[in-house]
Amino acid sequence: MTIAVCPGSYDPITFGHVDVVRRARGMFDEVIVAVARNAQKKYFFSDDERLRLAQGAVCDIDGVSVEFVDGLIADFAADRGAAAIVKGLRGAADYDAEQAMSLLNRHLSGIETIFIMGDPALGHVASSFVKDIASHGGPIEDLVPHNVALALKKKVESQ
């Protein structure tokens with residue numbers, strides 16, 4: 001059984017993320033969506049909220065689970081017996097940001113990172129953009145799963 005880990009902060013998970021997870025599942029027997037914490041980031045959603053939103057977003061994809069990781073992705077992937085770490089790319093800027101991390105993860109664990117080019121129809125979708133649009137009352141239903149859109153609207157209204 002081959003396992004892949006799809007790490008990210010998922011703050012929040014978008015249709016672009018779900019697309020990458022679905023396509024990774026087509027290549028691996030099991031995919032673990034690893035909701036990660038980066039000490040350098042300030043999150044809109046709490047760890048538990050990001051975990052729950054990701055679970056809801058991928059619940060209809062067989063062979064996909066969601067776990068929280070508070071540590072190195074390389075260690076997490078190795079502990080789960082992963083054959084690969086899978087990351088989605090929208091373009092060259094994403095590749096530039098991910099290249100060094102992929103090399104470091106390989107150095108630490110021996111696990112290769114596989115890059116999946118995102119669907120061009122979703123190339124404009126980023127969590128930061130979605131949060132900005134939601135904070136201004138704009139439409140986000142075609143950018144994120146339904147459970148995420150509801151949570152974003154509720155969070156914005158409560159601030």
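For clarity, every value in this text was computed on a predicted model and none was experimentally measured. Note that these values count all heavy atoms, side chains included, but never hydrogens, waters or copies made by symmetry. Numbers here simply count residues along the sequence, with the first being 1.
Contact check for Glu98 versus Leu89: side-chain heavy atoms found under the 4.5 Å cut-off. Phe76 is listed as a side-chain neighbour of Glu67, based on a closest heavy-atom distance under 4.5 Å. Between Asp47 and Val35 the shortest side-chain heavy-atom distance does not fall below 4.5 Å. Put simply, the side chain of Ser127 does not reach to within 4.5 Å of the side chain of Tyr10, judged on heavy atoms. Using a 4.5 Å cut-off on side-chain heavy atoms (C-beta onward), Val18 and Ile61 make contact. Looking at Val86 and Val20, their side chains come closer than 4.5 Å, going by heavy atoms from C-beta outward. Taking the side chain as every heavy atom from C-beta outward, Thr14 and Val148 never approach each other to under 4.5 Å.
In the hydrophobic cluster analysis, where Ile, Leu, Val, Met, Phe, Trp and Tyr join through side-chain heavy atoms closer than 4.5 angstrom, Phe115 is grouped apart from Met101. Follow the hydrophobic side-chain contacts under 4.5 Å out from Val69 and you reach Ile85 in the same cluster. Criterion: ILVMFWY side-chain heavy atoms under 4.5 Å apart, direct or through other members. Under it, Val156 and Val130 are part of a common hydrophobic cluster. In the hydrophobic cluster analysis, where Ile, Leu, Val, Met, Phe, Trp and Tyr join through side-chain heavy atoms closer than 4.5 angstrom, Ile73 is grouped apart from Val21.
No side-chain donor-acceptor contact under 3.5 Å links Ser65 to the backbone of Ile32. With Arg50 contributing its side chain and Ala36 its backbone, the two residues share a donor-acceptor pair below 3.5 Å. Under the 3.5 Å distance criterion, the side-chain polar atoms of Ser102 are matched with a main-chain donor or acceptor of Gln99. Not a single donor-acceptor pair under 3.5 Å links the side chain of Tyr43 to the backbone N or O of Ser9. Without hydrogens or angle criteria, His136 side chain to Ile133 main chain gives no donor-acceptor distance under 3.5 Å. The backbone N or O of Val125 sits less than 3.5 Å from a side-chain atom of Arg90, completing a donor-acceptor pair. Of the possible polar contacts, one joining the Arg23 side chain to the Met117 backbone as a donor-acceptor pair under 3.5 Å is found.
The structure places CZ of Arg52 at 14.0 Å from CD1 of Ile13, a figure rounded to the nearest 0.5 Å. A distance of 12.0 Å separates CZ of Phe15 from CG of Asp119, quoted to the nearest 0.5 Å. Note that OG of Ser46 and CZ of Arg37 are 10.0 Å apart. Values are rounded to the nearest 0.5 Å. Here the straight-line distance linking atom CG of Asn105 with atom CG of Asp75 works out to 9.0 Å at 0.5 Å rounding. Once rounded to the nearest 0.5 Å, the distance linking CG of Asp29 with CG of Asp62 reads 12.5 Å. From Arg106, atom CZ reaches atom OG1 of Thr113 across 8.5 Å, with rounding to the nearest 0.5 Å.
Aromatic ring centroids of His124 and Phe129 lie 6.0 Å or more apart.
Judged by the 6.0 Å and 45° rule, Arg25 forms no cation-pi pair with Phe28.
Under 4.0 Å is where a charged nitrogen must lie from a carboxylate oxygen, and between Asp11 and Lys131 at least one such pair does. A salt bridge is absent between Arg22 and Asp19; no separation between the charged side-chain nitrogens and carboxylate oxygens falls under 4.0 Å.
Among all heavy-atom pairs drawn from Val31 and Cys6, the shortest one is CG1-SG, 3.8 Å. Considering all non-hydrogen atoms of both residues, Ala34 and Val5 come closest at CB-CG1, 3.7 Å. Of all non-hydrogen atoms in Leu108 and Ala74, the two that sit nearest each other are CB-CB, 3.8 Å. The nearest pair of heavy atoms linking Ala57 to Asn147 is N-ND2, 3.8 Å. Residues Phe68 and Leu51 approach most closely at N-CD1, 3.7 Å, considering heavy atoms. Across Ala84 and Ile114, no two heavy atoms sit closer than the pair CB-CD1, 3.7 Å.
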Should Glu30 and Arg80 be marked as a salt bridge (Lys or Arg N to Asp or Glu O under 4.0 Å) after you check the CA-CA gap, both sets of side-chain angles, and the distance that decides it? CA-CA 11 Å; Glu30 181 183 340; Arg80 300 307 183 278; over 6 Å; no
